[in-house]
Amino acid sequence: MQIHRINSLAAVMRGLAVSLMLTILLCGLAAESAAQHKAKGDGRAAPPNTLTPSEKAAGWRLLFDGKTTAGWRGFRREKFPEAGWVIADGAIKHVASNGEQSQNGGDIITVGQYGQFELQLEWRISPGGNSGIKYLISEDMVKSGHSGLGFEMQVLDDDGHPDAKMGMNGNRTAGALYDLIAPQNKVLHPVGQWNQVRLIIQGDHVEHWLNGAKVVEYDLGSPRLKALIAESKYKNIPGFGEVRKGHILLQDHGNEVWFRNIKIRELRAP
C-alpha cells in the first residue's frame, strides 16, 4: 500500500512538472508573438498601399497612394499618360497593347529622383508578360520617345515569355539585372500571384531581393560591372551605368502588369 501511494505521488509530481513546462513554453511563445506584433506597429498586417506606424518612424513613405497617379508622370512627358496606364483595384496597371513596346502610353517615372534608397513594391504579371522596374533613370540618356534607359530589375513570366531564354545564363529572367546579371536563389511566384521586391542602393552597392531572397548584388562603377556592360546590349551607349541619382521607372512593354505597395526610404551612404 505504501509503495502504491509513493508511485501515485510520483505520477502526480511528474504531471505537475509537465504542466509547468507547457505553461512556461506557451507563455514564451505568447511573449515572442507579442514582441513581433509590437515591432510591426499595431500587430496587424497593413492594408495595401499604407504604412504602419513603425514604417513611418523608420522613414518610409508611399510612392503610390492606391487611388491616384500622384507622384508619377510619363517618361519625357509633363503629365501622366492619358492612355496605357490605369489605376485598378489598388494597383497601377498597364493595359495590354499586343506586346508592342511603348505604343500605348510609354514608361512612367516618379516625379522625384533618388540616389541612395531602399525601395519596396509588389508586382503581378499576366501570362506571357514582360515589364521591368528601372532605377537611376535620367531622361537625358534618351533623345526621343517614351522608353527609358538604365539599370533594370526584370519583371517577367519566365515560363511564358521568350526573353527568359535569351541573353546569357538567365540574365533576362525575373529578378535579374537585365542583360547583365542573372538572379541566384530565386523564389518566383506563379503568374497571377504577387511578387515582392526590395531594391537597395547604399554607397555603390546594389541589391535585388525577390520574395525574401537576395538574388542579385553588384557595385556601381566596379571593374566587374564595366566588363559586364561591355559584353551586353548596352555596350555602345555612352554614359550607361554612370548615373548616380535618377527616377524610378515602371516599364511599358505592351503586356498587362500590376504594381502596388510602392514605398521608399532614403538612405545615407555608409
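In this structure, Ile200 belongs to a hydrophobic cluster whose other members, linked by side-chain heavy atoms under 4.5 Å apart, are Trp209, Leu267. Summarising the hydrophobic clusters (Ile, Leu, Val, Met, Phe, Trp, Tyr; side-chain heavy atoms under 4.5 Å, direct or chained), the residues clustered with Val86 are Val95.
His161 is linked by a ring pair (Phe, Tyr, Trp, His ring centres under 6.0 Å) to nothing, counting only residues two or more places apart in sequence or in another chain. The side chain to side chain donor-acceptor pair (under 3.5 Å) search around Asn195 returns Asn211, not counting sequence neighbours. Scanning for side-chain contact (heavy atoms from CB on, under 4.5 Å) contacts around Ala57 gives an empty result, with sequence neighbours left out. Applying the side-chain contact (heavy atoms from CB on, under 4.5 Å) rule to Ala58 yields the partners Trp60, Arg265; only residues at least two apart in sequence or on another chain are considered. Legend: residues meeting side-chain contact (heavy atoms from CB on, under 4.5 Å) with Met168, ordered by chain and number and at least two apart, are Asn171. Looking at residues two or more places apart in sequence or on another chain, you find no ring pair (Phe, Tyr, Trp, His ring centres under 6.0 Å) involving His247. For Glu266, there are no salt bridge (charged side-chain N to carboxylate O under 4.0 Å, His left out) partners, not counting sequence neighbours. Listed by chain and number, the residues in a side-chain contact (heavy atoms from CB on, under 4.5 Å) with Val142 are Phe75, Arg76, Leu149 (sequence neighbours excluded).
Among all heavy-atom pairs drawn from Pro270 and Gly203, the shortest one is CD-N, 3.5 Å. Nearest heavy atoms, Ala176 versus Arg172: CB-N, 4.2 Å. Taking all atoms of both residues into account, the shortest heavy-atom contact from Thr50 to Ala46 is OG1-CB, 3.5 Å. Tyr135 approaches Ile133 most closely through the heavy-atom pair CD2-O, 4.0 Å. For the residue pair Ala88 and Lys93, the shortest heavy atom distance occurs at CB-CD, 4.4 Å. The minimum heavy-atom distance linking Lys67 with Asp65 is given by the pair N-OD1, 2.8 Å.
Between Trp123 and Leu210, some side-chain heavy-atom pair lies under the 4.5 Å cut-off. Residues Val257 and Asp252 have side chains not in contact (no heavy-atom distance under 4.5 Å, counting atoms from C-beta outward). The shortest side-chain heavy-atom distance between Leu121 and Arg198 does not fall under the 4.5 Å cut-off. His146 is listed as a side-chain neighbour of Arg77, based on a closest heavy-atom distance under 4.5 Å. Taking 4.5 Å as the limit, some side-chain heavy atom of Trp72 sits within range of a side-chain heavy atom of Phe64. At a threshold of 4.5 Å between non-hydrogen side-chain atoms, the residues Leu250 and Trp85 count as touching. You'll find the side chain of Leu156 stays beyond 4.5 Å of the side chain of Ile125, heavy atoms only. Put simply, the side chain of Tyr178 does not reach to within 4.5 Å of the side chain of Met153, judged on heavy atoms.
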Exercise. How far apart are the C-alpha atoms of Leu119 and Val197, what are their side-chain angles, what is the distance that settles it, and do they pass the side chain to side chain contact (heavy atoms under 4.5 Å, CB included) test?
Worked result: CA-CA 8 Å; Leu119 173 75; Val197 162; 5.6 Å; no

For this session: For side chain to side chain contact (heavy atoms under 4.5 Å, CB included), just list the numbers for Leu136 and Gln113, CA-CA rounded to whole Å, side-chain angles, deciding distance to a tenth of an Å, and then say yes or no.
Result: CA-CA 8 Å; Leu136 302 179; Gln113 299 189 49; over 6 Å; no

For this session: List the steps and the verdict of side chain to side chain contact (heavy atoms under 4.5 Å, CB included) for Arg244 and Leu220.
Result: CA-CA 9 Å; Arg244 291 296 181 269; Leu220 296 166; 3.6 Å; yes

For this session: Could you give me the CA-CA distance, side-chain angles and deciding distance for Asp204 and Tyr218, then say whether side chain to side chain donor-acceptor pair (under 3.5 Å) is met?
Result: CA-CA 8 Å; Asp204 289 330; Tyr218 66 96; over 6 Å; no

For this session: Please assess His208 against Phe151 for the test ring pair (Phe, Tyr, Trp, His ring centres under 6.0 Å), listing each intermediate value before the final yes or no.
Result: CA-CA 11 Å; His208 291 187; Phe151 292 125; 8.9 Å; no

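For Glu139 and Arg73, the salt-bridge test passes: some basic side-chain N is under 4.0 Å from an acidic carboxylate O. Using a 4.0 Å cut-off between a side-chain N of Lys or Arg and a carboxylate O of Asp or Glu, Lys263 and Glu55 qualify as a salt bridge. Between Asp219 and Arg224 there is no salt bridge, since none of the side-chain N atoms of the basic residue sits less than 4.0 Å from a carboxylate O of the acidic one.
Following chains of ILVMFWY side-chain contacts shorter than 4.5 Å, one can reach Ile109 starting from Ile87, so the two form part of one hydrophobic cluster. Under the 4.5 Å side-chain heavy-atom criterion for ILVMFWY residues, no single connected hydrophobic cluster contains both Leu62 and Trp258. Cluster annotation: Tyr114 is not connected to Leu51 through the hydrophobic network of ILVMFWY side chains, with a link wherever side-chain heavy atoms come within less than 4.5 Å.
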If you look only at distance, which donor and acceptor atoms sit under 3.5 Å apart when one is on a side chain in residues 181-191 and the other is two or more places apart or in another chain?
from	atom 1	to	atom 2	distance (Å)
Lys186	NZ	Asp158	OD2	2.6
Lys186	NZ	Thr173	OG1	3.4
Lys186	NZ	Ala174	O	3.0
His189	ND1	Trp194	O	2.8

Side chains of residues 231-242: which donor-acceptor partners sit under 3.5 Å, not counting sequence neighbours?
from	atom 1	to	atom 2	distance (Å)
Ser232	OG	Ile229	O	2.8
Ser232	OG	Tyr234	N	3.0

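In this structure, the separation between CZ on Arg260 and CD1 on Ile262 is 11.0 Å, given to the nearest 0.5 Å. Here Ser138 contributes atom OG and Leu249 contributes atom CG; the two are 12.0 Å apart, rounded to the nearest 0.5 Å. The CD atom of Gln120 lies 11.5 Å from the CG atom of Leu63; values are rounded to the nearest 0.5 Å. With values rounded to the nearest 0.5 angstrom, Lys165 atom NZ is found 6.5 Å from Asp159 atom CG. Atom CG of residue Asp107 and atom NE2 of residue His253 lie 9.5 Å apart, to the nearest 0.5 angstrom.
Within the 3.5 Å criterion, the main-chain N or O of Gln251 finds a donor-acceptor partner in the side chain of Ser131. A donor-acceptor contact shorter than 3.5 Å is absent between the side chain of Asn255 and the backbone of Ala96.
Counting only N and O atoms by type, the side chains of Glu256 and His94 include no donor and acceptor under 3.5 Å apart. Counted by atom type alone, Asn261 and Glu122 present one or more donor-acceptor pairs between their side chains at under 3.5 Å.
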